Protein chains: 2
Amino acid sequence: MATTDKGQTRRRGQALEDAVLKAAWDLVNTVGYEKLTMAGVAAKAQATKPVLYRRWPDKASLVTSAFLKFGPKIKRDLPVPDTGSLRADLLGLFGQLVVTFNALGAEKLQGLVADRLKQIPVDKLFALANGHSMLEPKITQILQQAEQRGELTVADQTARTLNLPVVLLINEVLGHGTLTTASLTAMVDEILVPVFMGQK
Amino acid sequence: MATTDKGQTRRRGQALEDAVLKAAWDLVNTVGYEKLTMAGVAAKAQATKPVLYRRWPDKASLVTSAFLKFGPKIKRDLPVPDTGSLRADLLGLFGQLVVTFNALGAEKLQGLVADRLKQIPVDKLFALANGHSMLEPKITQILQQAEQRGELTVADQTARTLNLPVVLLINEVLGHGTLTTASLTAMVDEILVPVFMGQK
DNA sequence: ATCAATAAGATACCGTAGTATCTTATTTAA
DNA sequence: TTAAATAAGATACTACGGTATCTTATTGAT
């Protein structure tokens, strides 16, 4: 009687974790990342801060988890186009991204990006959520298809050129706020095809 | 006698401001941006936090001011190379950037960029890159030189390809934290030359 | 059914960014 | 020379990220 009236059931494990992630996702969608507080998430989930910090090392990780759970599903198994030309394959792949990126409300996530930037993990740091690790294998596959048609040599590609699509996408999203078919077509025609096929 | 022994002279205005900036610059060069605290700056300047906040709205602004006052002066009028080849011209231009960048002591300023990113809308920062860059006129001149040698056609270039060098540079700095001759050479050979010269 | 392990709850705490308030020294104008 | 305006000093405060500690509910193995 001394404690809270609802004290009957104490959530644990997955149930509690789900509730926290749901609260975090609700908050990031209402107040945005910057104004989302760990205490606020805890309160909304009817949990406490230590519960959050037992699971996620920091705010950025928590919100990233919430994004991965509730955000637009970035299909890990999007079919890789195989249309018969490098250009069309790239356009096909990027076309799938237009829908996805337009769905996720980029302005809410700006603070997340900045927070991530502060962490020193040097290498692939400049990545939006988990965006690009998912893209690279598909690029590679498209290039292999092109190689079999004799359009290019995969061995000529480098880490830098393989990463270029992601760099361009990030610049497009962060710089212009949108991804359109027109901009993606320009990227492919003006930059990616020349780079991939134009190696000496 | 009850108060501090040096209580005779109370600094104000420019003298106080200079002392604060000096303290901030000293600290950012010893502990780095992340570990620099406003209280620490105040203490080192023998001032107090309100003195800082009366002048600068936040930590990032203060450190930026200190940087502008004491940091290396950035040359605005780098000569545009004219070596006889597009590749060498690009390498020459970027080589100048390596020197400049390394002179900034970028590693001490780690979190500054991220802090700025948070407050300056990200799109603004990239918009700054995508157009108002001090680099673009130089790129254009280099391309015109190349055109006169018959290496390429300037009319084939687009806003997107003209911005590509800046995009790559930003990615390099934000993603890797450094600018090296090796990375710039790779950019030029693997991406920029194919894009500029490889247009159909 | 009991008890040890686990993990949630509650709470207090630390460090830092940034703010508010009040007192006091210095400047300036009368 | 005095008094009003200005701005520094001191101090305490709030908000937030993140940590530590202790108590208590729940699980699950015996």
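Residue numbers begin at 1 in each chain, while the letters A, B, ... track the order of the sequences. From a predicted model like this one, the values you see are computed outputs, not experimental measurements.
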Return the set of residues passing side-chain hydrogen bond (donor to acceptor under 3.5 Å, both in side chains) with A/Thr48 (not counting sequence neighbours), or none when no residue passes.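 By the side-chain hydrogen bond (donor to acceptor under 3.5 Å, both in side chains) rule, A/Thr48 matches no residue at all.
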Looking at residues at least two apart in the chain, or sitting in another chain, which of them share a side-chain hydrogen bond (donor to acceptor under 3.5 Å, both in side chains) with B/Gln148?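 Here no residue qualifies.
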Side-chain contact, heavy-atom cut-off 4.5 Å: [X] with [Y]?
{"X": "B/Asp18", "Y": "B/Lys69", "answer": "yes"}
{"X": "B/Leu192", "Y": "B/Phe94", "answer": "yes"}
{"X": "A/Leu184", "Y": "A/Thr180", "answer": "no"}
{"X": "A/Asp82", "Y": "A/Ile142", "answer": "no"}

Between the protein and nucleotides 4-7 of chain D, which nitrogen or oxygen pairs come in under 3.5 angstrom?
residue : atom : partner : partner atom : Å
D/dT6   : O2   : B/Arg12 : NH2          : 3.3
D/dA7   : O4'  : B/Arg12 : NH1          : 3.3

Across nucleotides 11-17 of chain D, 5' to 3', mark each nucleotide with B, S or - according to how protein heavy atoms within less than 4.0 Å reach it. B----SB
Could you tell me if B/Lys59 sits above the aromatic ring of B/Tyr33, with its cationic atom closer than 6.0 Å to the ring centre and no more than 45 degrees from the axis?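 Geometry flag: set, cation within 6.0 Å and 45°.
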Could you tell me, to 10°, how much the axis swings from one end of the helix from C/dA1-D/dT30 to C/dA30-D/dT1 to the other, five pairs per end?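 About 10° separates the two local helix axes.
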Under 4.0 Å between a Lys/Arg side-chain N and an Asp/Glu carboxylate O for B/Asp189 and A/Arg160?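 Salt bridge absent between B/Asp189 and A/Arg160.
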Could you tell me which residues satisfy side-chain contact (heavy atoms from CB on, under 4.5 Å) with B/Ser85, sequence neighbours excluded, listed by chain and number?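 With sequence neighbours excluded, B/Ser85 shows a side-chain contact (heavy atoms from CB on, under 4.5 Å) to B/Thr83, B/Arg87, B/Ala88, B/Glu151, given in chain and number order.
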Determine the minimum heavy-atom distance between A/Thr161 and A/Phe196, stating which atoms define it.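 What the structure gives for the nearest pair is O-CE2, 3.5 Å.
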